[in-house]
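Some notes on the structure that comes next.
These values consider heavy atoms only, across backbone and side chains, with no hydrogens, waters or symmetry-generated copies.
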Amino acid sequence: MQSTPLFLRCTKWKGFTFSALLLLGSSGSLHAYDAAIAPEASSGLTNTSVFQAQTFAVAAANPLATEAGYQILRAGGSAVDAAIAVQAMLTLVEPQSSGIGGGAFLLLSSDQGMQAFDGRETAPAAATGDLFLNDDGEPLAFMEAAASGRSVGVPGLLKMLELAHQQHGVLDWSDLFAPAVQLAEEGFPVSARLHTLLEGETHLREDPLAAAFYYDNGEALPEGYILKNPALAAILRQIAEQGSQVFYQGDIADDMVNRVQQHPAGSGGLTLEDLLAYQPAVREPICTPWKVYDVCGFPPPSSGHLTIMQVLGMLEYLPVDTPVHNGEQSVDWLHRFIEVARLSFADRALYIADPDFVEAPGGDWNTLLNPRYLASRAAIVGDQSMGNGGAQAGNPQEFFTAYAPQSDQPEYGTSHISIVDGMGNALAMTTTIEAAFGARILADGGTGLAGGYLLNNELTDFSFRPGDAEGRLIANRVEPGKRPRSSMSPTLVFDTETGEWVASLGSPGGAAIIHYTARSLIALLDWQLAPSEVVGLPHTVTLGGPVWLETDRFAPETLSALEALGHDVSERDLTSGIQLLINIPEGITGAADPRREGRVMGD
Ligand code: DON
């Protein structure tokens, strides 16, 4: 079905009126949208509204982005069409988290089966293992590496979306950018969350374009400020009209390469040749049986699905009588969850990296999920914690590896989108520029207009050290053309017996994406909690060392009980952004994480 943008219509959000694009479907009927977009606070926890739809639904991290996806679905667009419109809008309204300067993993279930579209950034051809080492051979501080040209990988998002659209698009590519172009030209209200993050940010202020665009004499633009982004509007218009190639060669590409190569805080190796050479990949998703479900997720270079399914798989051997009671997760269950997370993260650190560069243990990533292997790993869990650094990687297939494990590094800014259309397609896409505001480089595409899009710092997802003290190499070290290991975990769940779609979910949160998604699957499908309870449950995270409990969400007795079991416990903000859609007899329901500004809409 082709569509033609017709005219503009007004809708309200936070007292702000914007014109929404209406689309005409092939049936000739007008698909109009009238509902006001509800206000959504961003700091602290918000109430998750109860939501229900019959045919299609979209959940995204910002109401304006959800609205864009909703309009596309309502105009007869497919889930992939809607994801493109949501992503274009997120580039504008949630620039801190994702955008055309970054990459994404799109997991799709359609009549062609399951596909994993990989738009992960790649390292430039000139990148070497010492990219993030200083002159003494020591790793740079994280922000020194991230806020510079050095960290910028070849953006993969647009080529990946274009490929997915060629296979699954229903509406014209050009129509999908119209809502974002329009709001970029007319202006959108700066959200509370964007304001807060701008205010707390130091490195973005050092970028001259960003300082002039997001700040007024050093003050972060206030919440509600109507921000126009003419540079992004012009770039998105070109992409809409000429396809993704206009981003990878010509003025936009020249501008990107110049900014990266000439960055005052550290030059990066990105070239025009790297941009031209970028290829998205379509990978085989990994579907893993768990209880009465098939849980399908993204294969490497994401570590997400494998690590999540190790956690879920090991917990099957460690049952607890009352894992949760009145919304409180029991100490017994938390202890087991933390311990199996330690073991999973030890395997992840040793084995998982770009499959085009490293071999899976035993030649198959599923060896890491072998039930006998997971039973042997679960048997390591005792009454007392194995403690900080106590978990070692296992050996799933008597597999000889010469690799050294990678140590943990911080990660920060990402967005998740869940969509179900009326045509039987289910989609989960996690999208990122890595840290909040990425490399802190705003690029105007050579337009000379105000604003633009932010470049990713995805290369800091590689190990900063290429090897260990004994000279063993690390699987996830920097190599030319390689994709950095990710934690992003777009997930689709199906009923094993009927094959019916059950749920679509995922979250931002760096390595903690794995904990957020694993625990959401358990809360939804094992504990049978309602979607709003699932996304609202307090979080627990460990990467193998200290244990973080979400601030002010656990009873003091829980903290002390975990300490008594040998865990090194502290509290911190754990800002997940879970977008959950599930199948119910009446249609579709879902919830957006109360920790961010997400919203679910559908019909
Ligand atoms: O791909 C990854 O795993 C990271 N670059 C994701 C970063 C992230 O989720 C930060 N979120 N708040």
Can you confirm whether the side chains of [X] and [Y] place a donor and an acceptor under 3.5 Å from each other?
X      : Y      : result
Ser344 : Asp347 : no
Ser174 : Glu241 : no
Ser97  : Ser415 : no
Thr288 : His305 : yes
Arg348 : Ser487 : yes
Glu67  : Gln71  : yes
Asn370 : Thr367 : no
Ser151 : Glu458 : no
Asp593 : Ser576 : yes
Gln115 : Glu284 : no
Gln52  : Thr589 : no

Any side-chain heavy-atom pair from [X] and [Y] closer than 4.5 angstrom?
X      : Y      : result
Leu524 : Ile522 : no
Pro124 : Leu459 : yes
Ile100 : Ile235 : yes
Thr307 : Ile352 : yes
Asn583 : Ile588 : no

Quick one: [atom1] on [X] to [atom2] on [Y], what's the gap to the nearest 0.5 Å?
X      : Y      : atom1 : atom2 : result
Met256 : Leu270 : CE    : CG    : 6.5 Å
His168 : Ser110 : NE2   : OG    : 4.0 Å
Ile514 : Ile308 : CD1   : CD1   : 6.0 Å
Leu454 : Thr91  : CG    : OG1   : 9.5 Å
Leu106 : Thr431 : CG    : OG1   : 9.5 Å
Leu492 : Leu107 : CG    : CG    : 4.5 Å

Any donor-acceptor pair under 3.5 Å from [X] side chain to [Y] backbone:
X      : Y      : answer
Arg596 : Ala592 : no
Glu533 : Ala530 : yes
Ser302 : Pro299 : no
Asn456 : Gly153 : yes
Ser520 : Ala518 : no
Asp172 : Asp175 : no
Asp274 : Thr271 : yes
Arg120 : Pro484 : yes
Asp81  : Val170 : yes
Gln249 : Val246 : no

In terms of heavy-atom contacts, Trp365 and Val358 come closest through CH2-CG2, 4.1 Å
Ignoring hydrogens, what is the shortest heavy-atom contact between Asn457 and Ala146? Give both atom names and the distance. ND2-CB, 3.5 Å
Can you pull out every salt bridge (charged side-chain N to carboxylate O under 4.0 Å, His left out) where at least one residue sits in residues 514-526? Sequence neighbours excluded, please. Lys291-Asp526
According to salt bridge (charged side-chain N to carboxylate O under 4.0 Å, His left out), does anything in residues 487-506 pair up with another residue at least two apart or in another chain? List the pairs. none
Could I get the full list of ring-ring contact (aromatic ring centres under 6.0 Å, His included) partners for His515, not counting sequence neighbours? Phe345
State plainly whether the residues [X] and [Y] are in salt-bridge range, i.e. N to O under 4.0 Å.
X      : Y      : value
Glu597 : Arg599 : no
Asp354 : Arg477 : no
Arg483 : Asp118 : yes
Arg237 : Glu185 : yes

Give the C-alpha distance, both sets of side-chain angles, the deciding distance and a yes or no for side-chain contact (heavy atoms from CB on, under 4.5 Å) between His539 and Ile578. CA-CA 12 Å; His539 291 309; Ile578 303 159; 4.0 Å; yes
The test is side-chain contact (heavy atoms from CB on, under 4.5 Å); show your working for Met114 and Leu108 and say whether it passes. CA-CA 6 Å; Met114 292 283 307; Leu108 183 72; over 6 Å; no
Yes or no on side-chain contact (heavy atoms from CB on, under 4.5 Å) for Leu73 and Val58, after CA distance, side-chain angles and deciding distance? CA-CA 8 Å; Leu73 291 170; Val58 47; 4.0 Å; yes
Residues 416-429 side chain polar contacts: donor-acceptor under 3.5 Å, at least two apart:
unit_1, atom_1, unit_2, atom_2, d
His416, ND1, Met429, O, 3.2
His416, ND1, Thr430, OG1, 2.8
His416, NE2, Ser418, OG, 3.1
His416, NE2, Leu505, O, 3.4
His416, NE2, Gly506, N, 3.4
Ser418, OG, Ser504, O, 3.4
Ser418, OG, Ser504, OG, 3.2
Ser418, OG, Gln579, O, 2.9
Asp421, OD1, Met423, N, 2.9
Asp421, OD1, Gly424, N, 3.4
Asp421, OD1, Asn425, N, 3.0
Asp421, OD2, Ala79, N, 2.7
Asp421, OD2, Asn425, ND2, 2.7

Both conditions, 6.0 Å and 45 degrees, for the charged tip of Lys159 above the ring of Tyr248: are they met here? yes
Identify, with sequence neighbours excluded, every residue that meets side chain to side chain donor-acceptor pair (under 3.5 Å) alongside Thr575. none
Starting from the C-alpha separation in whole Å, work towards a yes-or-no answer on side-chain contact (heavy atoms from CB on, under 4.5 Å) for Tyr516 and Leu521. CA-CA 9 Å; Tyr516 302 153; Leu521 286 165; over 6 Å; no
More than 12 heavy atoms of other residues, nucleotides or ligands under 6.0 Å from CD of Gln54: yes or no? no
What residues form a salt bridge (charged side-chain N to carboxylate O under 4.0 Å, His left out) with Asp356, not counting sequence neighbours? Arg283
Indicate, with yes or no, if the rings of Tyr278 and Phe247 have centres closer together than 6.0 Å. no
